[in-house]
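Below is one structure, written out as structure tokens, with a few remarks after it.
Start at 1 and go down the list; that is how both ligands and their atoms are numbered.
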Amino acid sequence: SVDCRQLVLNAMENQPYVTADHRLLVEFGREIVRGLEILARAADIDHVMLAVDMRRTDDYRDLLTDTEDDSIQRVALRPKYPIGADNILLKVLTRKEVPCGGIPADIGAGVIDAGTCFAAYRWVACGQRLNGRVVTISGNRPERSGNFFVPFGVDCGGLVQADEFSIIIGNPMTGLSSQGDVVVSPACNAILAIEPTPIGDAAPCIRCGWCRDHCPARLNVAALNDLYELGQIESAEKAGTLSCVECGVCSYICPARLPLAERLRQLKQTILRMRKTMPLFHESVGSQALRENA
Ligand code: SF4
Ligand code: SF4
């Protein structure tokens, strides 16, 4: 059982291009706040917060005005990346850290997004189940761009006509390159057609330490990259890989152009999969699993 005492609506959408939640808050702010109240009441939570980007407070002026109708605490925060990551936002708001490999409920908190609140409002207040979500379609040179309500199950590739561009599903720093056959799901907040930037081949790590200095989870990313290359999954798990919030900062900053975030993501997936299937495993087995996962 989970003892959840705090519920946070995370509206800190602070990645380039993506404005799906922002648009939803501008057009359906009141309904979203009602949805947040509904979910809090259903979960018997009385400490409820709404966290928004302080650059957008003018757009949400009505929404951010405290009223006697609800007890929601409104907070406008500086959009320092990656504050939109749930675990980082909770650390800023509560001064508590989600334990490595844990979830927000481990510190008594729940985090939801604007789309979930809107869906709750529509279901409870209007009796309508949402069969789609608002998706940002954008990029450097997209055929068309904007925020659109897209039914679940629609083929993502067909929405952007990307031609020679890369298609990213989700946020540009943390999303996944589409390999085709990806459809719009409740988690799909953006479909981006981005011109590939030639960045050259990765070089060996030069031990500059920038990745560790800038990692919001305070991970020794270069050491984890070594463990990835050696296939030492168990050691990578002990070194805190599951604390990675997949923000992409390490890849962005690495002068050797190493795909660090992608490697950390693969390590996490491998660890989580092996935790499910093999609670006890040896590093030789982990190495093989990583190769299969790559
Ligand atoms: S993606 Fe990189 S910088 Fe971001 S939390 Fe993970 S290891 Fe740290
Ligand atoms: S930023 Fe790149 S080159 Fe520098 S220590 Fe980290 S992995 Fe190595």
Inset, instruction - Give the contacting part of V245 toward ligand 1: side chain, backbone, both or neither, where contact means a heavy-atom distance below 4.0 Å. - result: both
Legend entry - Any L260 heavy atom less than 4.0 Å to ligand 1: no
Inset, instruction - Answer yes when R265 and E262 have at least one side-chain N-carboxylate O distance shorter than 4.0 Å, and no when they do not. - result: yes
Legend entry - D44/R41 ion pair, N-O < 4.0 Å: no
Legend entry - atom 4 (Fe) of ligand 1 [closest protein heavy-atom partner, distance rounded to 0.1 Å]: C247 SG, 2.3 Å
Inset, instruction - Heavy-atom distances under 4.0 Å are what count here, so tell me which part of R212 touches ligand 2: side chain, backbone, both or neither. - result: neither
Inset, instruction - Decide, counting backbone as well as side-chain atoms, whether C211 has an N, O or S atom less than 2.8 Å from atom 6 (Fe) of ligand 2. - result: yes
Inset, instruction - Please confirm whether the backbone N or O of A223 pairs with a side-chain atom of R212, one donor and one acceptor, at under 3.5 Å? - result: no
Legend entry - Contact partition for E246 relative to ligand 1, non-hydrogen atoms under 4.0 Å: backbone
Inset, instruction - Could you walk me through whether D46 and S71 pass the side chain to side chain donor-acceptor pair (under 3.5 Å) test, one step at a time? - result: CA-CA 8 Å; D46 50 18; S71 57; over 6 Å; no
Inset, instruction - Might you confirm whether atom OH of Y252 has over 12 heavy atoms from other residues, nucleotides or ligands at distances under 6.0 Å? - result: no
Inset, instruction - Measure the CG-CE distance between L77 and M54 for me, rounded to the nearest 0.5 Å. - result: 8.0 Å
Inset, instruction - Report, in ascending order of atom number, the atoms of ligand 1 lying under 4.0 Å from any heavy atom of G248. - result: 1 (S), 4 (Fe)
Legend entry - Test item: E237 side-chain N/O and I271 main-chain N/O as donor-acceptor pair under 3.5 Å: no
Inset, instruction - Using a strict cut-off of 4.0 Å, indicate which atoms of ligand 2 neighbour a heavy atom of G209. - result: 4 (Fe), 5 (S)
Legend entry - Cluster overlap V245 with V111, hydrophobic side-chain contacts below 4.5 Å: no
Inset, instruction - Write out the residue and atom name of the closest protein heavy atom to atom 6 (Fe) of ligand 1, then the distance separating them to 0.1 Å. - result: C244 SG, 2.3 Å
Legend entry - Heteroatom N/O/S of C205 within less than 2.8 Å of atom 8 (Fe) of ligand 2: yes
Legend entry - atom 2 (Fe) of ligand 1 - nearest protein heavy atom and its distance: C250 SG, 2.3 Å
Legend entry - Protein contact of atom 3 (S) of ligand 2 - nearest heavy atom, named by residue and atom, plus distance: I206 N, 3.4 Å
Inset, instruction - Would you mind listing which atoms of ligand 1 come within a distance below 4.0 Å of any non-hydrogen atom of V221? - result: 7 (S)
Inset, instruction - Would you check if the side chain of T136 reaches a backbone N or O of A20 as a donor-acceptor pair within less than 3.5 Å? - result: yes
Legend entry - Heavy-atom nearest neighbour in the protein, as seen from atom 8 (Fe) of ligand 1, with distance rounded to 0.1 Å: C215 SG, 2.3 Å
